[in-house]
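To start, the structure under review is shown below, and the notes come after it.
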Amino acid sequence: MAERKTIDPAVIEILAKAEAEGISTAFKRAETTKPCPIGHEGNCCSNCFMGPCRLTGKTTVGVCGATKETVSARNLARHIAAGAAAHGDHGRNMAFTLLAVAQGKAPDYKIKDEKKLRKIARFLNVPVDGRTTEELALDVGTVALSEFGRQEGELLYVRRAPVKRQQIWRQLGITPRGVDREVVETMHRTNMGTDQDAEHLMLQSLRVALSDGWGGSMLATDISDALFGTLAPVATRSNFGILKENEVNISVHGHEPTLAEMLVVAVSDPELLDYAKSKGAEGINLMGMCCSGNELLVRHGIPIVGNLLQTDLAIATGAIELVVVDYQCIMQGLQSVAEHFHTKIVTTSPKVKITGATHVEFEDHNAYEIAKQIVRMAIDNYPNRKGAYIPDIVDHVVAGFSHEYIAYMQGGTYRESFRPLNDNIMNGRIRGAAGVVGCNNPRVTHDDPHIEIVKELIRNDVLVVTTGCNAIACAKQGLLTPEVMDYAGPGLREVCQVIGIPPVLHMGSCVDNSRILTVLTQCATEGGLGEDISDLPVAGVAPEWMSEKALCIGAYCVASGVHTIFGVGSPVGGSQEVTRLINEGWTEKVGAGLEFEPDWHKIVEKVLAHIDAKRRALKLEEYSPTRYVKSATYSPGDYLSFEEFKRGSYSRASL
Ligand code: SF4
Ligand code: MSK
């Protein structure tokens with residue numbers, strides 16, 4: 001457990017309240033439940049009942065003879081496959097909803113972005129000309145679903161990657177087939193007595209990860225945009241202060257946007273607003289948590305309560321009437337916190353039930369009625385609220401940057417491109433770019449590595465794109481406001497001001513990391529920065545990762561050519577060989593590696609060194625912090641404290 005639990009003042013307040021009231025939180029449990037030192041490093045195998053085998057001390061092989069390398073590689077492969085399965089199942093649900101809309105079986109939804117639907121259709125080889133929206137949606141939904149079960153050939157979306165990248169995948173034999181096939185094959189190959197060569201297992205890990213990045217996740221993102229609208233910037237607020245004392249507070253948590261979209265409509269329903277008033281509330285306040293929250297934030301500007309480690313604490317305010325969840329990242333501990341208060345947890349996915357929670361199954365064909373039922377439950381619960389405490393802490397947010405919008409900002413409707421961005425990377429105003437994404441983990445100080453890394457990168461003229469819980473951390477700490485421009489290095493600041501984008505771009509939820517792949521492809525094919533994603537001066541970072549989905553995202557970023565660094569610790573740290581295979585080994589094969597580095601200072605140094613090395617390889621101007629006006633004063637070991645950063649002591653005057 002980290003010495004300091006969090007940097008978020010709102011979390012500090014509610015954590016103290018929870019502790020005083022004897023409420024068990026993830027922070028508390030992380031103190032008492034130490035990570036198993038053997039499993040933590042990937043040295044425990046439980047793949048058959050001759051074990052579990054703990055490869056530690058003098059025990060270097062399992063009962064079957066499996067070595068540390070095999071065990072470690074198998075464990076990592078299974079984690080990545082689980083992540084791909086989670087995102088893939090989400091993508092499949094989106095395809096089912098699209099199909100239901102096309103067939104008139106989901107009357108409460110309509111296609112909001114026909115242009116995007118046509119774009120997806122072209123990628124999926126669906127004829128576009130002269131067809132109605134419903135015809136297109138029917139075919140797109142059908143082909144998308146078949147991509148999950150594709151047995152042979154290649155996922156259609158891989159053709160969206162730069163040609164050189166596609167060739168690398170083909171040469172290595174890792175071009176993904178169907179999403180389901182890659183997940184099943186990974187589970188098969190890691191079954192006892194099957195694939196036993198660590199390098200071979202690691203190649204399959206890249207393949208299954210690619211089936212997520214260029215398959216399940218990309219389809220989830222695209223279809224969500226077609227159904228609910230493609231992102232464009234919105235302004236909103238974040239953190240516990242968005243809870244309202246005199247209103248019915250409803251929070252949406254999980255990952256799918258489907259029900260959340262209906263709740264947005266239901267909370268403005270005059271009948272329900274009157275009903276809320278009849279119970280003494282002044283209104284209905286809808287908020288988001290985690291990635292369902294991100295989906296609502298980036299599309300509708302619905303405020304966001306917080307990221308993963310705030311989900312139980314939000315309930316501990318005592319001010320939430322109802323938390324509605326679908327799937328992924330919903331800690332079971334939420335229910336026990338809810339039992340201390342009047343809060344109801346409502347599960348909605350047929351795949352997820354939580355003992356003690358109320359289940360209201362969500363169905364596309366009856367979406368609005370179900371959303372209204374859930375809102376009514378929350379309103380009925382409002383008179384039961386007692387002794388709530390809402391910290392008065394709120395930050396402002398500008399979010400919602402799709403790759404379409406970023407291209408639009410660089411040339412308008414008729415001349416959209418990535419030329420200005422590429423040119424400014426080439427001339428050194430922008431040193432490079434980084435995707436900083438991923439979860440929270442109570443093994444490190446909550447939000448600290450997220451925020452420190454992002455602010456140091458923009459200070460060093462590195463453009464940052466963000467998703468998931470990192471995006472929420474940035475939202476809460478003022479990093480997604482126009483004011484943050486003052487803290488960006490002058491080169492980056494100038495470009496952002498001219499283009500009209502902030503230096504930290506919130507691109508959505510975890511599945512929306514696929515948007516980053518599209519941006520990178522557009523940069524690589526725009527010209528001037530090589531021919532492939534691995535040529536670009538970019539890197540990926542997951543400072544506080546915890547989820548198998550994060551590992552999968554990391555692996556598909558690497559397979560796509562982005563060198564990626566994870567914080568916290570390494571799940572393969574027990575095997576030097578697997579540690580080598582995923583870094584140097586993958587770099588030789590796909591031009592990028594995966595590293596685990598617990599020290600965020602070192603992550604910043606590694607990202608900057610990597611970006612500079614890529615610039616040199618492209619024979620670009622060497623980045624100079626003093627070339628444009630006077631840029632960041634960074635040198636290794638020179639870091640701003642967060643307090644200094646927030647106070648603005650690093651200002652233009654001090655440059
Ligand atoms: Fe042990 Fe081998 Fe069984 Fe794993 S597969 S639990 S290493 S015997
Ligand atoms: S919600 S996967 S904790 S980013 Fe997507 Fe946050 Fe990680 Fe879940």
Side-chain angles (χ1 to χ4, degrees), residues 26 38-39 42-56 59-75 78-79 82-87 90 189-196 201 212 217 220-221 252-257 288-298 304-312 325-331 435-442 446-447 450 466-475 506-514 540-554 566-568 574-575:
I38 302 157
N43 282 343
C44 177
C45 180
S46 59
N47 292 11
C48 89
F49 210 54
M50 291 192 283
C53 298
R54 306 186 313 161
L55 308 191
T56 181
T59 309
T60 54
V61 294
V63 174
C64 66
T67 61
K68 273 191 179 182
E69 287 64 49
T70 303
V71 166
S72 187
R74 277 199 307 226
N75 287 341
R78 282 199 166 199
H79 290 318
H87 286 152
H90 175 164
R189 282 166 65 163
T190 52
N191 183 246
M192 186 267 166
T194 310
D195 196 356
Q196 294 159 36
L201 280 160
D212 174 13
S217 279
T221 294
V252 188
H253 176 20
H255 280 76
E256 252 195 35
M289 290 171 172
C290 276
C291 279
S292 290
N294 276 327
E295 297 272 359
L296 285 182
L297 186 156
V298 294
I304 191 143
V305 187
N307 46 17
L308 179 78
L309 285 179
Q310 286 172 276
T311 54
D312 51 2
V325 304
D326 46 60
Y327 45 59
Q328 299 168 20
C329 305
I330 301 145
M331 295 190 285
V436 190
V437 305
C439 324
N440 288 139
N441 189 324
H446 170 236
D447 286 350
H450 276 321
T466 174
T467 61
C469 287
N470 177 277
I472 303 170
C474 292
H506 184 338
M507 298 189 80
S509 66
C510 294
V511 292
D512 293 337
N513 284 305
S514 61
V541 187
E544 301 179 27
W545 77 278
M546 65 85 201
S547 171
E548 291 174 315
K549 293 180 290 166
L551 285 173
C552 187
I553 292 164
F566 275 44
V568 190
S575 166

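Just so you know, these numbers come straight off a predicted model, no measurement behind them. Indexing begins at 1, ligand by ligand and atom by atom, following the structure's order. Along the sequence shown, residues carry numbers from 1.
- Thr467 places no side-chain N or O within 3.5 Å of a backbone atom of Val437 that could act as its donor or acceptor partner.
- For Asn441, the side chain to side chain contact (heavy atoms under 4.5 Å, CB included) partners are Arg443, Met546, Val568, not counting sequence neighbours.
- Results of the side-chain hydrogen bond (donor to acceptor under 3.5 Å, both in side chains) test with His79 over Lys549, Arg74, Glu548 single out Glu548 as the only residue that passes.
- Contact between Cys469 and Asn307 at its shortest, heavy atoms only, is O-ND2, 3.2 Å.
- Residues satisfying the side chain to side chain contact (heavy atoms under 4.5 Å, CB included) test with Met192, not counting sequence neighbours, are Cys48, Met50, Cys64.
- Not a single donor-acceptor pair under 3.5 Å links the side chain of His255 to the backbone N or O of Cys290.
- Using modelled atom types, no side-chain atom of Glu544 and backbone atom of Ala542 make a donor-acceptor pair closer than 3.5 Å.
- Atoms of ligand 2 lying under 4.0 Å from at least one heavy atom of Gly438, given by number and element, are 4 (S).
- Of all heavy-atom pairs spanning Val71 and Gly42, the tightest one is CG1-O, 3.6 Å.
- Under the 3.5 Å distance criterion, the side-chain polar atoms of Glu256 are left unmatched by any main-chain donor or acceptor of Asp326.
- For Thr194 (side chain) and Thr190 (main-chain N/O), no donor-acceptor pair under 3.5 Å exists by modelled atom type.
- Neither the backbone nor the side chain of Gln196 comes within 4.0 Å of ligand 1, counting heavy atoms alone.
- Listed by chain and number, the protein N, O or S atoms at a distance under 2.8 Å from atom 8 (Fe) of ligand 2 are Cys329 SG.
- Taking a cut-off of 2.8 Å, the protein N, O or S atoms nearer than that to atom 2 (Fe) of ligand 1 are Cys64 SG.
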